[in-house]
*Asks:* 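Just dropping this structure here.
All values below were derived from every heavy atom in this structure, side-chain atoms included, with hydrogens, water molecules and symmetry-related copies excluded.
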Amino acid sequence: MDCLQRSITQFVVLCWTASILTGQLMVIYRRIDGSIDFNRKWNDYNVGFGFLSQEFWIGNEKLSYLTNQKKHQLRIDITNNNGTSFYVIYNLFRISDEYGSYKLSSVGVYSGNATIHSIHLCPDKKEPGDCTCQRTCQDPYGCHNTCTEDDTCICSEHFYLKGEDCVPQEECGCYDSSENVIIPEGDFYVNTPCTRRGECTNRQISWDDSYRCSPNAVCEERGNVRQCYCNPGYNGDGVICTTLNSYADCQEIYDSGVDNSGIYTISPSRWPGSPFEVYCNMTDGGGWTTFQRRVDGTVDFYRNWMSYKVGFGSADHEFWLGNDKLYYLTNQKRYTIRIDLVNELGSPYYAKFDFFRITNETDKYRLSEVGSYSGTADTRASTDPDIGGGLIYHRFFQFTTYDMDNDEFIYGGTSPSLKILGRDVSFPRSPASAAYA
């Protein structure tokens with residue numbers, strides 16, 4: 001870079017004559033003995049550092065103005081470890097301004113006595129960088145070694161390697177600005193709290209906002225993949241986790257040594273479907289399988305026949321387990337039913353019957369067996385003095401909903417016969433296997 005025209009006079013530069021043929025050259029960079037630290041921040045390289053008489057960098061801002069005022073050549077003189085000197089010359093050297101991150105925009109044609117070119121101009125959408133850590137569309141947040149003997153360029157910022165090309169993030173697969181995430185084509189993404197799952201198909205994201213981990217799963221990242229993972233002892237996709245052991249009810253789970261109340265998976269004898277989740281109450285002797293719960297009225301229990309057949313609600317809040325499940329549960333063993341309620345004064349009370357069983361759908365889930373009553377409901381239920389032994393009056397009644405009224409009495413067809421009995425209903429073990437209602 002010549003010093004013959006000094007149109008820029010605001011700073012001092014070092015001029016050097018390499019030979020009579022080359023004339024004077026403006027030195028922009030010098031390394032001699034390592035006395036100056038070149039491991040610097042952006043601003044240092046922007047303004048320049050060091051001493052012209054020793055080691056220095058002239059500064060990217062100055063270099064940008066210099067290389068863009070006219071055509072310049074670049075000469076690099078190097079001495080290797082053996083003391084051998086060589087040089088390279090590029091006939092058109094130019095860099096961009098700070099807005100363009102001082103990108104090396106041109107180098108021109110090479111000449112010199114070096115056997116290997118010292119500067120390689122990266123193609124469009126690429127820049128010099130650590131080729132051992134290349135972002136790819138398939139793995140946007142990982143590092144992949146793409147180094148070759150002749151190419152040490154990597155995709156520029158906001159570009160990702162797709163095949164041999166660098167493409168913008170929106171062409172990688174699916175980009176979502178709200179999550180600031182790229183989902184490779186055919187892959188999925190789960191957000192940090194595991195409450196949202198998106199899948200990329202044909203560059204469109206299909207979001208599942210109902211995605212939640214099973215109570216028997218954890219939300220965490222494994223092998224760079226975040227999602228719901230089933231706990232030890234369970235199999236599944238993290239949303240549904242099935243126990244590796246087969247339990248017929250909560251009593252068998254309690255007998256296995258588990259004494260924490262919570263949601264567990266069971267499969268009653270002869271149950272034709274997949275194992276299902278139930279809430280197990282491990283208090284009051286443990287092993288109570290809850291099939292109904294009312295808490296705050298957030299779940300509508302004014303439902304049709306099909307809803308009560310298959311069940312509805314959430315096992316960790318308000319729900320009805322389902323009459324089909326209840327039939328298989330109550331017919332595999334002899335069960336006790338316990339109904340826990342709270343009156344209008346906030347006082348708790350319960351009713352317990354030492355035998356409880358219903359028939360199948362063909363017989364309209366008839367209440368076929370109700371045993372002897374015990375409990376506090378007959379003395380504490382101020383608004384309904386018959387609640388204590390009230391269930392026994394429903395013996396042999398069929399189940400009723402508003403769209404299938406099987407009552408012999410006029411209830412308006414609005415309430416299932418068993419639902420009117422209370423808030424929490426459950427049942428465990430044989431011979432006193434309990435159903436928590």
Side-chain angles (χ1 to χ4, degrees), residues 1-16 18 22 24-32 34-78 87-112 114 116-135 143 146-148 150-161 165-169:
M1 188 172 292
D2 67 76
C3 288
L4 297 180
Q5 181 175 342
R6 299 173 182 265
S7 59
I8 300 177
T9 59
Q10 296 92 333
F11 53 89
V12 178
V13 297
L14 173 65
C15 293
W16 172 64
T22 60
Q24 280 193 314
L25 301 177
M26 183 185 301
V27 182
I28 62 173
Y29 166 74
R30 178 192 271 179
R31 299 295 299 271
I32 301 174
S35 58
I36 298 296
D37 181 13
F38 276 72
N39 184 18
R40 302 265 183 155
K41 296 181 179 179
W42 176 269
N43 189 60
D44 290 337
Y45 273 94
N46 189 24
V47 299
F49 56 86
F51 304 96
L52 295 179
S53 60
Q54 295 179 310
E55 297 188 332
F56 70 92
W57 175 259
I58 193 172
N60 287 336
E61 186 174 18
K62 301 181 185 75
L63 193 56
S64 174
Y65 278 102
L66 284 167
T67 60
N68 284 278
Q69 65 179 346
K70 65 176 183 176
K71 182 176 179 179
H72 286 285
Q73 289 185 339
L74 175 69
R75 173 176 172 132
I76 304 173
D77 286 84
I78 303 174
Y87 71 92
V88 295
I89 296 176
Y90 297 90
N91 71 347
L92 181 57
F93 173 60
R94 181 171 294 150
I95 69 170
S96 66
D97 58 12
E98 186 173 16
Y99 183 79
S101 299
Y102 301 118
K103 182 176 180 178
L104 179 61
S105 56
S106 175
V107 291
V109 178
Y110 161 81
S111 63
I116 299 176
H117 295 195
S118 300
I119 293 181
H120 176 70
L121 180 62
C122 293
D124 186 36
K125 301 175 185 176
K126 285 190 174 185
E127 61 188 27
D130 182 5
C131 56
T132 65
C133 194
Q134 170 67 68
R135 302 181 301 272
C143 282
T146 59
C147 299
T148 65
D150 299 323
D151 188 4
T152 58
C153 299
I154 64 172
C155 295
S156 302
E157 188 176 6
H158 305 307
F159 286 83
Y160 300 83
L161 192 64
D165 300 322
C166 292
V167 299
Q169 55 192 17

*Asks:* Which atoms form the tightest heavy-atom contact between S96 and G100, and what is the distance?
*Replies:* OG-O, 3.2 Å

*Asks:* Would you check if the side chain of S106 reaches a backbone N or O of L92 as a donor-acceptor pair within less than 3.5 Å?
*Replies:* yes

*Asks:* Measure the CD1-CD distance between I95 and E61 for me, rounded to the nearest 0.5 Å.
*Replies:* 10.0 Å

*Asks:* Taking R40's backbone N and O only, do any of them form a donor-acceptor pair with D44's side chain (distance below 3.5 Å, no angle check)?
*Replies:* no

*Asks:* Distance check, rounded to the nearest 0.5 Å: I58 atom CD1 versus R30 atom CZ?
*Replies:* 12.5 Å

*Asks:* Would you check if the side chain of Q73 reaches a backbone N or O of I89 as a donor-acceptor pair within less than 3.5 Å?
*Replies:* no

*Asks:* Determine whether a donor-acceptor pair (N or O, by modelled atom type, separation under 3.5 Å) exists between the side chain of T67 and the backbone of F93.
*Replies:* no

*Asks:* Roughly how far, to the nearest 0.5 Å, is the CG atom of D97 from the NZ atom of K103?
*Replies:* 12.5 Å

*Asks:* For the residue pair F38 and Y29, is the inter-centroid distance of their aromatic rings smaller than 6.0 Å?
*Replies:* yes

*Asks:* What I'd like to find out is whether the side chain of S64 reaches to under 4.5 Å of the side chain of E98, using heavy atoms alone.
*Replies:* no

*Asks:* What's the shortest heavy-atom distance between R75 and L25, and which atoms?
*Replies:* CD-CD1, 3.8 Å

*Asks:* Any donor-acceptor pair under 3.5 Å linking the side chain of H72 with the backbone of R94?
*Replies:* no

*Asks:* Output, in order, the C-alpha distance, side-chain angles, deciding distance and verdict of side chain to side chain contact (heavy atoms under 4.5 Å, CB included) for L66 and M26.
*Replies:* CA-CA 10 Å; L66 284 167; M26 183 185 301; 3.6 Å; yes

*Asks:* Is it the case that the side chain of D165 and the backbone of V167 share a donor-acceptor pair, with hydrogens and angles ignored and the cut-off at 3.5 Å?
*Replies:* no

*Asks:* Whether the side chain of R135 engages the backbone of F159 through a donor-acceptor N/O pair (distance < 3.5 Å, no angle test) should be reported.
*Replies:* yes

*Asks:* Counting only pairs under 3.5 Å, give me each side-chain donor-acceptor contact of residues 47-57, with atom names and distances, residues two or more places apart or in other chains.
*Replies:*
from, atom 1, to, atom 2, distance (Å)
E55, OE1, S35, N, 3.2
E55, OE1, I36, N, 2.9
E55, OE2, I32, N, 2.6
E55, OE2, D33, N, 2.8
E55, OE2, G34, N, 2.7
W57, NE1, Y45, O, 3.3
W57, NE1, N60, OD1, 3.3

*Asks:* How long is the straight-line distance from CG of L74 back to CD1 of I28, given to the nearest 0.5 Å?
*Replies:* 6.0 Å

*Asks:* Does a side chain donor of either Y102 or N46 reach within less than 3.5 Å of an acceptor in the other side chain?
*Replies:* yes

